[in-house]
Chemist: 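Handing you this structure, nothing more for now.
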Amino acid sequence: MEERKPDVKPACLLLIPLLALSAGAFADDPLATDIDEARGLTRQLVQELGSALKAEMAHGGPVQAIAVCKQRAPEIAGALSRQSGAHVGRVSLRTRNPLIGQPDAWEQRQLADFDRRAAAGEKPDTLEHAEIVDEPAGRFFRYMKAIPVQPVCLACHGPEQTLAPAVRERLRADYPKDRATGYSVGEIRGAVTIKKPL
Ligand code: HEC
């Protein structure tokens, strides 16, 4: 008699690309809670940082606002990480601060994929991706959401020759390895990234 093969689930079931679907489609998904939480954390990070940035731009101007990005961005991300037990951060394929914003291999793939999807016509502010990833250190829920460039970003991320000279100088002094200029509105500047141990 032929021996029956053990019932092994194909490995691809462990890598579930979830976010091609709309929000409602997640209702029955076992990851729905993780995705909801990741979206909430993303919203908080973007909103808190955005309002700190806008307030400082209006109040002190772009040179002072550089300090907000430098101090507040890691502080806000750190607070959200501690509060949630997930790592919350921002990454980019062209970093200003490579110490914080350097994407790992998985994040690089998602960022490249976001660029492809945007080039194929998807709206940059809708691009997100969630997946369960098995890594040597364990199993993680991973989530990323694209951060599109808005007009307010151009003061510090626009083409070099359009930056105010004082901004250019400050950036050169603080970020000698800066690769985060030359963007235009609608391009993907980077992504929020969330990684939670399961
Ligand atoms: C006042 C200048 C300024 C403005 C305006 C600004 N940024 Fe930044 N941005 C910075 C600085 C400075 C950093 C580096 C922060 C650090 O040291 O972690 C940064 C870092 C980032 C990063 C993290 C990845 C990296 O490159 O290090 C992202 C993503 C980002 N900015 C997106 C944006 C977006 C989107 C906007 C518009 C909504 C924006 N920024 C507006 C100055 C600015």
Side-chain angles (χ1 to χ4, degrees), residues 38-39 41-82 86-119 122-129 142-195:
R39 284 178 174 160
L41 289 167
T42 300
R43 229 180 347 258
Q44 262 179 287
L45 179 63
V46 169
Q47 274 171 8
E48 283 180 36
L49 192 51
S51 50
L53 181 68
K54 272 175 205 140
E56 196 52 41
M57 288 286 277
H59 183 245
V63 177
Q64 271 94 311
I66 290 173
V68 169
C69 294
K70 198 173 179 175
Q71 283 166 20
R72 290 296 291 141
E75 274 172 18
I76 295 168
L80 291 172
S81 300
R82 282 190 298 280
H87 168 80
V88 181
R90 295 186 306 169
V91 287
S92 175
L93 290 174
R94 275 162 48 199
T95 49
R96 172 150 291 163
N97 184 347
L99 295 177
I100 301 183
Q102 186 62 39
D104 68 15
W106 185 86
E107 289 164 332
Q108 284 175 34
R109 282 200 298 280
Q110 309 318 319
L111 285 164
D113 198 48
F114 287 163
D115 282 338
R116 264 194 300 277
R117 286 165 62 185
E122 283 187 62
K123 283 173 65 187
D125 60 353
T126 63
L127 294 169
E128 60 179 351
H129 180 77
R142 302 200 68 171
Y143 172 89
M144 280 175 67
K145 179 156 176 46
I147 306 173
V149 173
Q150 302 164 35
V152 65
C153 318
L154 296 179
C156 301
H157 295 295
E160 282 251 19
Q161 65 277 14
T162 67
L163 303 182
V167 168
R168 208 157 43 210
E169 262 169 48
R170 173 53 65 86
L171 290 175
R172 251 185 223 148
D174 287 359
Y175 301 98
K177 297 212 165 90
D178 188 13
R179 295 171 64 213
T181 55
Y183 286 94
S184 45
V185 170
E187 268 187 282
I188 297 170
R189 171 66 188 87
V192 174
T193 184
I194 290 171
K195 181 173 179 179

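In each ligand, atom 1 is the first atom listed, and ligand 1 is the first ligand listed.
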Chemist: When rounded to the nearest 0.5 angstrom, what distance separates CZ in Arg72 from CD in Glu75?
Modeler: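 Taking CZ in Arg72 and CD in Glu75, the distance rounds to 5.0 Å.
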
Chemist: Using heavy atoms and a 4.0 Å limit, tell me yes or no: is Thr95 in contact with ligand 1?
Modeler: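 Per 4.0 Å heavy-atom rule, Thr95 contacts ligand 1.
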
Chemist: Nearest protein heavy-atom contact for atom 14 (C) of ligand 1: which residue, which atom, what distance?
Modeler: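 Nearest protein contact, heavy atoms only, for atom 14 (C) of ligand 1 is Tyr175 OH, 3.5 Å.
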
Chemist: If you leave out waters, which protein N, O or S atoms are less than 2.8 Å from atom 8 (Fe) of ligand 1?
Modeler: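 Short answer, with waters excluded from the count: His157 NE2.
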
Chemist: What are the atoms of ligand 1, with element, lying closer than 4.0 Å to any heavy atom of Ile100?
Modeler: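 Listed by number with element: 18 (O).
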
Chemist: To the nearest 0.5 Å, tell me how far Lys54 NZ sits from Gln150 CD.
Modeler: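 If I round to the nearest 0.5 Å, the distance is 6.0 Å.
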
Chemist: Could you check whether any side-chain N or O of Arg94 sits under 3.5 Å from a backbone N or O of Thr181, counting only pairs where one atom can act as donor and the other as acceptor?
Modeler: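 Judged by distance alone, yes, a pair lies under 3.5 Å.
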
Chemist: Any idea which protein heavy atom is nearest atom 30 (C) of ligand 1, and the distance to it?
Modeler: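 Checked against all protein heavy atoms, atom 30 (C) of ligand 1 sits closest to Arg90 NH1, 3.4 Å.
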
Chemist: Relative to ligand 1, is Ile66 under 4.0 angstrom through side chain, backbone, both or neither, heavy atoms considered?
Modeler: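 Near ligand 1, Ile66 shows its backbone as well as its side chain.
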
Chemist: Do the rings of Tyr183 and His157 sit parallel, tilted or perpendicular, given the 30° and 60° boundaries?
Modeler: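 If you compare the ring of Tyr183 with that of His157, the planes turn out perpendicular.
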
Chemist: Considering non-hydrogen atoms of the protein only, which is the closest contact for atom 5 (C) of ligand 1, and what is the distance?
Modeler: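 Its nearest protein heavy-atom neighbour is Val152 O, 3.4 Å.
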
Chemist: Within a radius of less than 6.0 Å around CZ of Arg170, do more than 12 heavy atoms belonging to other residues, nucleotides or ligands occur?
Modeler: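 No, the 6.0 Å shell around CZ holds no more than 12 heavy atoms from other groups.
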
Chemist: Taking salt bridge (charged side-chain N to carboxylate O under 4.0 Å, His left out) as the definition, give me every residue that meets it alongside Arg116, ordered by chain and number, with sequence neighbours left out.
Modeler: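 In terms of salt bridge (charged side-chain N to carboxylate O under 4.0 Å, His left out), with neighbours along the sequence ignored, Arg116 is linked to Asp113.
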
Chemist: Between atom CD of Gln71 and atom CD1 of Ile66, what is the distance when rounded to the nearest 0.5 Å?
Modeler: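 Separation between the atoms: 12.0 Å.
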
Chemist: Before signing off on this row, confirm whether Asn97 and ligand 1 have an N or O atom pair separated by under 3.5 Å.
Modeler: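 There is such a contact, yes.
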
Chemist: With sequence neighbours excluded, what pairs up with Asp174 under the salt bridge (charged side-chain N to carboxylate O under 4.0 Å, His left out) test?
Modeler: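 Testing Asp174 for salt bridge (charged side-chain N to carboxylate O under 4.0 Å, His left out), a comparison that skips the adjacent residues, returns Lys70.
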
Chemist: Name all residues meeting the salt bridge (charged side-chain N to carboxylate O under 4.0 Å, His left out) criterion together with Arg179; count only those two or more places apart in sequence or in a different chain, and write none if there are none.
Modeler: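 Once residues adjacent in sequence are excluded, Arg179 has no partner under the salt bridge (charged side-chain N to carboxylate O under 4.0 Å, His left out) criterion.
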
Chemist: Which residue owns the protein heavy atom closest to atom 29 (C) of ligand 1, what's the atom, and how far is it?
Modeler: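 Checking every protein heavy atom, the shortest distance to atom 29 (C) of ligand 1 gives Ile147 CD1, 3.8 Å.
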
Chemist: For Glu160 and Arg172, run salt bridge (charged side-chain N to carboxylate O under 4.0 Å, His left out): C-alpha distance rounded to whole Å, both residues' side-chain angles, the deciding distance at 0.1 Å, then the answer.
Modeler: CA-CA 11 Å; Glu160 282 251 19; Arg172 251 185 223 148; 3.7 Å; yes

Chemist: Should you measure from each heavy atom of Pro62, which atoms of ligand 1 turn up under 4.0 Å away?
Modeler: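 Per the distance check, 1 (C).
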
